[in-house]
Amino acid sequence: MTDLTRLSEQLLESDFDSIPIIDLTDAYSLDVRKRRALAEVVRDACLNAGFFYVRNHGVPLSVVDEIFEQSHTFFDLPAEIKSTVDINKSDNFRGYMRLLSSNTNPDNKGDRHEAFNLGLDPLVHPESFEQSEKEGELKHSENLWPDQKDWEGAETFKQANLEYYRQVLTLGYKLFPLLALALNLPENFFEDKTRHPAAIMRLLYYPALDGKEVNELMPGIGAHTDFECFTILRQDGVSGLQVQNRKGEWIDAIPTPDTFIVNIGDQLQRWTNDIFVSTRHRVLPTISKDRYSIPFFFGCDHDVPLIPPKTCITEDRPARYDVMTAGAYVHMRLSEIYANAKE
Ligand SMILES: O=C(O)CCC(=O)C(=O)O
Ligand SMILES: [Fe+2]
């Protein structure tokens, strides 16, 4: 069996200058050798870049086209309609965030994007809402949806969001067995830890500068790592996303048709005792074209303690972090970032 800790140390010497593209066709192959071969490719990407594109991912293009169309329509609405679902009306980071209201990197002044956040919805996952939630942990709660009486497109918008969420959740569930195999764990390792996932999706809109001067302290989104297990990101055709390698160089995540970008988040880095890497990334301000993207942050169940599995610990590499539950960890990180929006 591959020694993960040794492999991880060897990879520290190497670096990446592009983001690998991985074909997911074999993820559901009946032949376990094919699934294992795919998991090895995923392992290399998770240890090295922490970022990879996936193609043949199973999410229909029509669902993606529809959500981008709805995203354009929503962000085009007048501010007073968008503010009916303002994040300040939510106790759980759901709803609309206006331009510059989040600040992902505290060195900056604010992020030049607008956002709409949603999570598991009681309409689709009623069972998750019966879970008891502890104080200071992330909660499942209602999403904020615009009202039909304020906007006639409200119901179409909601349905497009729910359908996209359902499809990308399915893609996420396809990735967990591969990550488990990549970590030398049983393929179903994550199954009982992702029954009520803290999966948060965001519609993002980066308005073009259109002649306004670039302000370095107001990027599209400041340099950061993501918090959850992994992020599944769909971007449109406008570039701007960059990923930092260990030398500190920024590598462009070039928009690539009908692919998603998957990147490892801090929760999984912590859980794997730094074997998988959560890589810093940012979005530059968009100069002449508006940019739209949709990150989907897949965190495991709130009550799961992030105890590194034994394949990620050796005598030379003892556990590096205190054990926290996944919910407490993400809640802590989200509270820091969204402090700005709750004024
Ligand atoms: O818009 C993008 O391409 C990236 C967004 C991102 O990194 C985030 O929301 O965490
Ligand atoms: Fe991110």
Side-chain angles (χ1 to χ4, degrees), residues 19 46 49-54 64 67-68 71-72 74-75 87 93-108 110-119 161 164-165 168 172 198-209 218-245 250-269 276-287 289-299 329-330 333-338 340-341:
I19 299 170
C46 293
F51 262 80
F52 51 98
Y53 295 87
V54 291
V64 176
I67 189 66
F68 273 102
S71 178
H72 291 194
F74 174 77
F75 289 115
I87 191 167
F93 316 108
R94 306 290 162 83
Y96 171 69
M97 298 180 71
R98 70 203 141 67
L99 200 69
L100 299 172
S101 66
S102 64
N103 191 9
T104 311
N105 181 340
D107 296 340
N108 294 335
D111 297 330
R112 257 190 71 77
H113 66 245
E114 295 179 36
F116 179 77
N117 301 351
L118 64 135
N161 275 283
Y164 182 87
Y165 188 100
V168 178
I200 300 287
M201 152 180 168
R202 307 188 79 198
L203 304 180
L204 294 178
Y205 162 49
Y206 301 88
L209 279 169
M218 293 179 195
I221 190 165
H224 68 283
T225 53
D226 293 346
F227 308 151
E228 291 80 356
C229 280
F230 53 79
T231 306
I232 302 174
L233 173 83
R234 188 76 182 208
Q235 45 176 350
D236 66 5
V238 182
S239 43
L241 175 64
Q242 296 188 317
V243 179
Q244 196 172 35
N245 69 13
W250 288 101
I251 310 296
D252 289 321
I254 300 161
T256 306
D258 205 8
T259 60
F260 289 87
I261 291 181
V262 177
N263 64 286
I264 299 302
D266 298 343
Q267 202 181 85
L268 202 53
Q269 170 161 332
F276 282 0
V277 292
S278 173
T279 301
R280 256 158 63 95
H281 51 285
R282 68 181 182 189
V283 174
L284 299 175
T286 36
I287 306 294
K289 274 197 182 147
D290 293 342
R291 178 173 186 272
Y292 295 82
S293 71
I294 312 174
F296 185 100
F297 305 103
F298 205 135
Y329 179 71
V330 175
R333 299 290 305 275
L334 280 175
S335 306
E336 289 160 13
I337 295 293
Y338 288 95
N340 267 358

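Numbering of ligands and ligand atoms starts at 1, following listing order. Heads up: numbering here begins at 1 and tracks the sequence. Note that the coordinates shown come from a computational prediction; the quantities given were computed from them, not determined experimentally.
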Just jot down the ligand 1 atoms closer than 4.0 angstrom to any heavy atom of [X], in number order.
| X | result |
| --- | --- |
| Phe297 | 8 (C), 9 (O), 10 (O) |
| Pro295 | 9 (O) |
| Ile221 | 6 (C), 8 (C), 9 (O) |
| Ser293 | 1 (O), 2 (C), 3 (O) |
| Leu204 | 1 (O), 5 (C), 9 (O) |
| Val283 | 1 (O), 2 (C), 3 (O), 4 (C) |
| His281 | 7 (O) |

Counting distance only, does the side-chain N/O of [X] pair as donor-acceptor with the main-chain N or O of [Y] below 3.5 Å?
| X | Y | answer |
| --- | --- | --- |
| Asn108 | Asn103 | no |
| Asp290 | Ala208 | yes |
| Tyr329 | Asp266 | no |
| His113 | Asp111 | no |

Taking the side chain as every heavy atom from C-beta outward, state whether [X] and [Y] have any atom pair closer than 4.5 Å.
| X | Y | answer |
| --- | --- | --- |
| Leu241 | Gln235 | yes |
| Val64 | Phe260 | yes |
| Phe227 | Ser278 | no |
| Tyr206 | Val283 | yes |

Check each heavy atom of [X] against ligand 1 and say whether those closer than 4.0 Å belong to the side chain, the backbone, both or neither.
| X | result |
| --- | --- |
| Thr231 | neither |
| His224 | side chain |
| Arg282 | neither |
| Thr104 | neither |

>> Students should be able to answer this: which protein heavy-atom is nearest to atom 5 (C) of ligand 1, and at what distance?
In response: Tyr206 OH, 3.6 Å
> What's the shortest distance from atom 3 (O) of ligand 1 to any protein heavy atom, and which residue and atom give it?
Replying inline: Arg291 NH2, 2.8 Å
>> To make sure I understand the geometry: which N, O or S atom in Asp226 is closest to the Fe ion (ligand 2)?
In response: OD1
>> Evaluate Asp226 for polar contact with ligand 1, using N/O atom pairs at a separation under 3.5 Å.
In response: yes
> When only distance counts, is Gln235 in polar contact with ligand 1, meaning an N/O pair under 3.5 Å?
Replying inline: no
> Going through the distances and angles, do His281 and Asp226 end up as a side-chain hydrogen bond (donor to acceptor under 3.5 Å, both in side chains)?
Replying inline: CA-CA 9 Å; His281 51 285; Asp226 293 346; 3.1 Å; yes
> Are Phe116 and Phe75 close enough that their ring centres sit under 6.0 Å apart?
Replying inline: no
